[in-house]
Amino acid sequence: QVQLVESGGGLVPAGGSLRLSCAANGRTFGTYSMGWFRQPPGKEREFVAAIRWSAGSTYYTDSVKGRFTISRDNAKNMVSLQMSSLKPEDTGVYYCAATYYSGGLMREGAYDYWGQGTQVTVSS
C-alpha cells in the first residue's frame with residue numbers, strides 16, 4: 001500500500017513557475033514508477049508526465065515538453081514536477097500516481113495509487 005500526498009499548487013500568472021511535490025510513504029518507493037496527471041475544469045483527467053523506477057526514464061505529453069520536468073528523490077520518497085512558462089491551459093487539479101509496473105505509464109489504468117490532488121490555476 002502506498003499513500004501519496006501532493007503539495008505546491010496555487011495561483012500563478014501566465015509565464016510563471018510552480019513546483020509540485022508528491023510525498024509517498026512506504027519502504028519500497030524506489031520500485032514504483034510515478035506519474036503526474038491533471039484534470040482541467042470540465043474535462044477528463046489527462047497524462048502530464050511520468051518517470052520510471054528503473055533508470056529514471058521520463059515521459060511527457062507533448063504540450064508540456066520543454067516546460068515541465070519530472071524528477072524523483074528515492075531517498076526522500078518524493079517525486080516533483082517543476083513547471084515553467086505556465087499557460088492558462090495548464091490550469092487544473094494535478095494528481096500524483098504510483099504504479100509497480102514500468103509500462104504504459106501514459107495510461108490512467110496503469111496506476112494503482114493516487115493522491116488527492118492539488119489545484120493549479122494559471123491566470124491570463
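No experiment lies behind these values; they were computed from the predicted model shown. Along the sequence shown, residues are numbered consecutively beginning with 1.
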Determine the minimum heavy-atom distance between Pro88 and Ser124, stating which atoms define it.
CG-CB, 3.8 Å
Heavy atoms of Arg72 and Ser33 approach each other most closely as NH1-CA, 4.1 Å
Is there a side-chain contact between Cys96 and Met34, using heavy atoms and a 4.5 Å cut-off?
yes
ILVMFWY cluster, Met106 and Tyr95 together (side-chain gap under 4.5 Å)
yes
Looking at every heavy atom in both Ala49 and Leu81, which two are closest together, and how far apart are they?
CB-CD1, 4.1 Å
Backbone N/O of Gly117 and side chain of Glu6: donor-acceptor pair under 3.5 Å
yes
Using ring centroids (six-membered ring only for Trp), state whether Tyr111 and Phe37 fall under 6.0 Å.
yes
Would you say Arg67 and Tyr60 make side-chain contact, with heavy atoms under 4.5 Å?
no
Side chains of Phe68 and Thr61: closer than 4.5 Å at any heavy-atom pair?
no
Close side-chain approach of Met83 and Val120, heavy atoms under 4.5 Å:
yes
Just wondering, more than 12 heavy atoms not from Gln3 lying within 6.0 Å of its CD?
no
Could you report the tightest heavy-atom contact between Leu18 and Leu86, atom names first, then the distance?
N-CD1, 3.8 Å
For the pair Arg52 and Leu105, evaluate side-chain contact (heavy atoms from CB on, under 4.5 Å) and give the outcome as yes or no after the intermediate values.
CA-CA 8 Å; Arg52 283 188 176 181; Leu105 296 180; 3.6 Å; yes
Same apolar cluster (I L V M F W Y, side chains within < 4.5 Å links), Ile70/Val93
no
Please answer: with hydrophobic residues joined when any side-chain heavy atoms are less than 4.5 Å apart, are Val122 and Val64 in the same cluster?
yes
For the residue pair Tyr113 and Tyr32, does the interplanar ring angle fall in the parallel (under 30°), tilted (30 to 60°) or perpendicular (over 60°) class?
perpendicular
Looking only at heavy atoms, the pair that brings Tyr94 and Gly92 closest together is CD1-O, 3.4 Å
Using the salt bridge (charged side-chain N to carboxylate O under 4.0 Å, His left out) rule, take Lys87 and Asp90 through it: C-alpha gap first, then chi angles, then the decisive distance, then the call.
CA-CA 5 Å; Lys87 305 175 181 180; Asp90 293 318; over 6 Å; no
Let me confirm one number: the CG-OH distance from Asp112 to Tyr101, rounded to the nearest 0.5 Å.
7.0 Å
Side chains of Leu4 and Trp114: closer than 4.5 Å at any heavy-atom pair?
no
Do side-chain atoms of Asp73 reach the backbone of Met78 as a donor and acceptor pair under 3.5 angstrom?
no
How close do Ser85 and Ser17 get, counting heavy atoms only, and between which atoms?
N-OG, 4.4 Å
Would you say Gln116's side chain and Val5's backbone share a donor-acceptor pair under 3.5 angstrom?
no
pair Asn25-Val2: side-chain heavy atoms closer than 4.5 Å
yes
Calculate, to the nearest 0.5 Å, the distance between atoms CZ and OG belonging to Arg38 and Ser63 respectively.
4.5 Å
Any side-chain heavy-atom pair of Gln119 and Leu11 under 4.5 Å
no
As an exercise, state the distance from CD of Glu44 to CD of Gln39, rounded to the nearest 0.5 Å.
8.0 Å
Side chains of Ser80 and Gln82, donor plus acceptor under 3.5 Å
no
